[in-house]
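The next block holds one structure in the form of structure tokens; read it before the comments.
When a ligand or atom number is given, it counts from 1 through the structure's own listing order.
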Amino acid sequence: MIKLLLIAGARPNFMKLAPLYFELRKYPSIFNPLVVHTGQHYDYTMSRVFFDQFGLPQPDFFLEVGSGSHAHQTGNIMIKAEEIMLSEKPDMIIVFGDVNSTMAASLAASKLCIPVAHVEAGLRAFDRTMPEEVNRVVSDVLAEMLFSSCDDANLNLIKEGVDVDRIFLVGNIMIDTLKHFLPQAEKSKILDKLELEDKRYILVTLHRPSNVDNPENLQKIAEILTAASERCPVIFPIHPRTRKNLDSNGKYSAILNNRNIILTDPLGYFDFIKLQKNALLVMTDSGGVQEETTFLGVPCLTLRENTERPVTITDGTNKLVNLDLKKITSQIDYYMSDGLPSKKRPMFWDGQTAERIVRILREHFANKAKQEDQAQRLTSTDKIVLKDAVK
Ligand code: UD1
Ligand code: UDP
């Protein structure tokens with residue numbers, strides 16, 4: 001039996017872990033997948049709600065690391081994950097995306113010579129000021145198997161010298177979750193609850209430190225949201241990092257006291273997908289939301305200077321607008337007057353990514369077992385030859 005530790009910790013990890021976990025469970029005589037939750041995210045709306053909605057069991061191991069500086073959080077995850085790896089002795093660990101939990105678990109496993117598989121490998125923003133970029137680069141350097149979601153990711157890895165035999169273009173695993181749960185999300189009553197009309201509101205999510213930890217940029221965001229709210233209602237489920245910054249400073253009354261900006265806690269997956277699907281457009285700095293809007297064919301304005309997901313621009317509905325008020329308002333006006341988003345979708349964003357990964361893992365472990373078996377036989381033959389020689 002092949003023991004795999006699936007290690008996750010932050011909101012965007014759970015949509016990537018779920019399809020793989022359920023696919024692995026289809027082969028109980030081959031795989032024993034165990035879930036490790038680092039506790040990087042811990043509020044109900046940032047973590048548990050996804051286990052409940054996706055029907056995932058309780059994690060097998062819960063590390064409870066909580067929040068902290070990068071070094072503190074990374075170090076704590078390494079220490080606690082190492083203990084589990086030492087006691088469980090997995091054949092491989094599987095990590096997802098680009099959060100601190102991804103990099104910390106990869107590092108801890110590598111030092112114990114436990115192979116690492118990285119799902120969502122190869123994405124690059126080419127911006128090392130982003131903490132996620134560091135996590136991506138380190139996780140990819142350490143991974144033995146790199147599962148990528150698009151061609152440009154493969155190219156990035158090859159340019160960095162990764163052996164092509166270790167790179168597998170499998171598609172976007174978040175889309176597996178999206179496709180699977182779309183019918184359930186359609187049933188959400190969130191539009192009625194918030195009194196929103198189909199295609200007549202803007203959905204916003206923002207949590208990048210470069211946007212929300214920087215007072216100058218947060219001020220620009222307040223102006224952008226005000227301008228948007230003068231055109232149509234804005235719905236803004238607030239990430240805890242962003243909430244902390246808005247609350248800690250009385251300056252943002254333009255956001256907090258605006259009757260046309262609806263502020264909520266982070267939402268569960270079904271409500272959030274329903275809101276994405278029916279939005280006029282989405283304004284975001286989230287990686288996953290850039291991808292989901294592309295799949296759903298909903299216009300997306302990304303309030304960043306760069307993206308590690310350029311395929312959502314070339315083959316999707318995404319546009320990079322930074323914090324440029326003029327560009328953003330003209331895009332909103334364009335879509336309000338029936339401007340159409342692109343209809344293209346990237347290859348393999350089809351809901352079958354987990355299936356592809358598991359097929360590759362089965363082959364990988366079957367080959368490994370064959371090689372080990374051959375090596376074993378060779379050694380026993382060698383021993384006989386050696387014995388005969390001694391006689
Ligand atoms: C993390 C990831 C980021 C990802 C995002 C998804 C890193 C470096 N960053 O950013 O890539 O896009 O998650 O949402 O891994 N907090 C709570 N409750 C929680 C979790 C966090 O209140 O359940 C607050 C804490 O004050 C914490 C802050 O949010 O200090 C930031 O959390 P953290 O996990 O460090 O980074 P994120 O901004 O969430
Ligand atoms: N999401 C959610 N509720 C929200 C905001 C986002 O369920 O209030 C989902 C979203 O649909 C996507 C994932 O969270 O599946 C994206 O996570 P996040 O934006 O936190 O992280 P990133 O993708 O930027 O790393």
Side-chain angles (χ1 to χ4, degrees), residues 8-19 37-50 52-54 64-74 76-77 95-105 120 123 125 129-136 138-139 172-178 181-182 185 188 190 203-213 235-245 247-248 263-277 279 282 284-293 295-296 298 300 302-304 307-309 312:
R11 177 169 67 185
N13 287 161
F14 308 126
M15 309 64 199
K16 298 170 195 173
L17 177 145
H37 188 322
T38 67
Q40 176 174 348
H41 284 175
Y42 42 86
D43 289 349
Y44 178 79
T45 54
M46 295 298 287
S47 168
R48 175 91 192 262
V49 65
F50 304 107
D52 291 349
Q53 293 193 329
F54 301 157
E64 292 184 88
V65 297
S67 303
S69 70
H70 285 284
H72 201 265
Q73 192 172 59
T74 306
N76 275 343
I77 298 170
V95 294
F96 306 85
D98 56 14
V99 301
N100 283 348
S101 301
T102 314
M103 182 191 69
E120 199 186 271
L123 298 185
T129 65
M130 257 189 114
E132 294 80 5
E133 185 80 351
V134 178
N135 294 340
R136 291 178 197 121
V138 173
S139 305
N172 190 327
I173 200 156
M174 268 191 129
I175 304 302
D176 288 23
T177 299
L178 181 52
F181 288 109
L182 201 51
S188 153
I190 190 77
L203 175 65
V204 176
T205 76
L206 295 164
H207 66 270
R208 293 282 154 230
S210 58
N211 277 335
V212 303
D213 289 355
I235 158 87
F236 185 10
I238 309 186
H239 187 281
R241 174 187 288 280
T242 312
R243 168 70 74 184
K244 221 169 48 178
N245 288 321
D247 286 347
S248 70
L263 304 175
T264 70
D265 284 336
L267 293 170
Y269 187 74
F270 300 155
D271 285 346
F272 191 76
I273 294 296
K274 173 85 176 183
L275 281 168
Q276 275 194 78
K277 172 123 198 293
V282 178
T284 193
D285 58 15
S286 155
V289 173
Q290 292 173 61
E291 299 179 333
E292 289 170 344
T293 44
F295 181 81
L296 293 168
V298 172
C300 178
T302 295
L303 276 59
R304 287 175 45 190
T307 177
E308 60 291 335
R309 291 159 161 94
T312 57

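- With a heavy-atom cut-off of 4.0 Å, Gln276 touches ligand 2 through its side chain alone.
- When hydrogens are left out, the protein atom nearest atom 18 (N) of ligand 1 is Asp43 OD2, 2.9 Å; that is the closest non-hydrogen contact.
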Fill in: Evaluation steps, side chain to side chain contact (heavy atoms under 4.5 Å, CB included), between Asn211 and Thr242
CA-CA 9 Å; Asn211 277 335; Thr242 312; over 6 Å; no

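- Heavy-atom contacts of Met174 reach the following atoms of ligand 2: 12 (C), 13 (C), 15 (O) (cutoff under 4.0 Å).
- Atom 32 (O) of ligand 1 has His41 NE2, 4.3 Å as its closest protein atom, hydrogens excluded (heavy atom only).
- No donor-acceptor distance shorter than 3.5 angstrom exists from the side chain of Thr293 to the backbone of Cys300, with no hydrogens or angles considered.
- Distances from ligand 1 to the non-hydrogen atoms of His70 include at least one value under 4.0 Å.
- Nearest protein heavy-atom neighbour of atom 25 (C) of ligand 1: Ser67 OG, 3.4 Å.
- Distances from atom 5 (C) of ligand 2 to the heavy atoms of Arg11, Lys16, His207, Glu120 show the closest one on Arg11.
- Proximity of a side-chain donor or acceptor of Thr284 to a complementary backbone N or O of Thr205 within less than 3.5 Å is detected.
- No donor-acceptor distance shorter than 3.5 angstrom exists from the side chain of Asn76 to the backbone of Val65, with no hydrogens or angles considered.
- Using a 4.0 Å heavy-atom cutoff, Met46 is absent from the residues neighbouring ligand 2.
- Taking distance alone, with nitrogen or oxygen atoms compared against 3.5 Å, Glu292 approaches ligand 2 more closely than that limit.
- Close contacts of ligand 2 with Tyr269, meaning ligand atoms under 4.0 Å from a residue heavy atom, involve 7 (O), 15 (O).
- Between Phe54 and Tyr269, the distance from one ring center to the other falls under 6.0 angstrom.
- With values rounded to the nearest 0.5 angstrom, Arg136 atom CZ is found 6.5 Å from Leu123 atom CG.
- Each of the following atoms of ligand 1 lies closer than 4.0 Å to a heavy atom of His239: 14 (O), 37 (P), 38 (O), 39 (O).
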Worksheet entry | Worked check of side chain to side chain contact (heavy atoms under 4.5 Å, CB included) between Asn172 and Phe295 | CA-CA 10 Å; Asn172 190 327; Phe295 181 81; over 6 Å; no

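- The closest approach between Arg208 and ligand 2 falls below 4.0 Å for a heavy atom of the residue.
- The ligand atoms of ligand 1 that sit less than 4.0 angstrom from a heavy atom of His207 are 4 (C), 5 (C), 6 (C), 12 (O).
- The shortest side-chain heavy-atom distance between Leu182 and Lys277 falls under the 4.5 Å cut-off.
- Atom CZ of Arg48 has 12 or fewer heavy atoms from other residues, nucleotides or ligands within 6.0 Å.
- Thr74 contributes a side-chain N or O that, together with a main-chain N or O of His70, makes up a donor-acceptor pair within less than 3.5 Å.
- Heavy-atom proximity to atom 35 (O) of ligand 1, evaluated over Gln73, Met103, His72, is greatest for Gln73.
- Taking every heavy atom of Phe50 and a limit of under 4.0 angstrom, the matching atoms of ligand 2 come to 7 (O).
- For atom 2 (C) of ligand 1, the closest heavy atom belonging to the protein is Val99 CG1, 3.7 Å.
- Of all the atoms in ligand 2, the ones that sit under 4.0 Å from a non-hydrogen atom of Pro266 are 8 (O).
- Of the heavy atoms in Arg241, both backbone and side-chain atoms come closer than 4.0 Å to ligand 1.
- Taking all atoms of both residues into account, the shortest heavy-atom contact from Met130 to Ala125 is SD-CB, 4.0 Å.
- Of the protein's heavy atoms, Met15 CE, 3.7 Å lies nearest to atom 13 (C) of ligand 2.
- Close approach of ligand 2 to Ser286 (heavy-atom distance below 4.0 Å) involves ligand atoms 16 (C), 18 (P), 19 (O), 22 (P), 23 (O), 24 (O).
- Judged purely by atom type and a 3.5 angstrom limit, Thr102 uses its side chain to pair as donor or acceptor with the backbone of Phe96.
- Taking atom 1 (N) of ligand 2 as the reference point, the nearest protein heavy-atom neighbour is Phe272 CD2, 3.6 Å.
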Worksheet entry | Criterion side chain to side chain contact (heavy atoms under 4.5 Å, CB included) on Ser286 and His207, from CA distance to verdict | CA-CA 7 Å; Ser286 155; His207 66 270; 3.9 Å; yes

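- Under a 4.0 Å criterion applied to the non-hydrogen atoms of Glu132, ligand 1 contributes the atoms 3 (C), 9 (N), 11 (O).
- With a heavy-atom cut-off of 4.0 Å, Pro12 touches ligand 1 through its side chain alone.
- Taken from CZ in Phe50 to CZ in Phe272, the straight-line distance is 9.0 Å, to the nearest 0.5 Å.
- Taking any N or O of Gly287, backbone or side chain, at least one lies under 3.5 Å from an N or O belonging to ligand 2.
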Worksheet entry | Candidate pair Met103 and Ile77, rule side chain to side chain contact (heavy atoms under 4.5 Å, CB included), full reasoning | CA-CA 9 Å; Met103 182 191 69; Ile77 298 170; over 6 Å; no

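- In this structure, atom 8 (C) of ligand 1 lies nearest to the protein heavy atom Asn100 OD1, 3.2 Å.
- Of the possible polar contacts, none joining the Gln40 side chain to the Ala10 backbone as a donor-acceptor pair under 3.5 Å is found.
- Annotation: Asp98 places no N or O atom under 3.5 Å from an N or O atom of ligand 2; distance criterion only.
- Under a 4.0 Å N-O distance rule, the pair Asp285/Arg304 does not qualify as a salt bridge.
- Close contacts of ligand 2 with Leu267, meaning ligand atoms under 4.0 Å from a residue heavy atom, involve 2 (C), 3 (N), 4 (C), 7 (O), 8 (O).
- In the vicinity of Lys244, heavy-atom distances shorter than 4.0 Å reach the ligand 1 atoms 26 (O), 30 (O).
- Looking at Glu292, its side chain never comes within 3.5 Å of a backbone N or O of Leu178 through a donor-acceptor pair.
- Residue, atom and distance of the protein heavy atom nearest to atom 19 (C) of ligand 1 are Tyr42 CZ, 3.5 Å.
- Among protein heavy atoms, atom 22 (O) of ligand 1 sits closest to Pro240 CB, 3.3 Å.
- Selection from Gly288, Pro12, Ala10 by nearest heavy atom to atom 21 (O) of ligand 2 gives Pro12.
- With a heavy-atom cut-off of 4.0 Å, Pro237 touches ligand 2 through its side chain alone.
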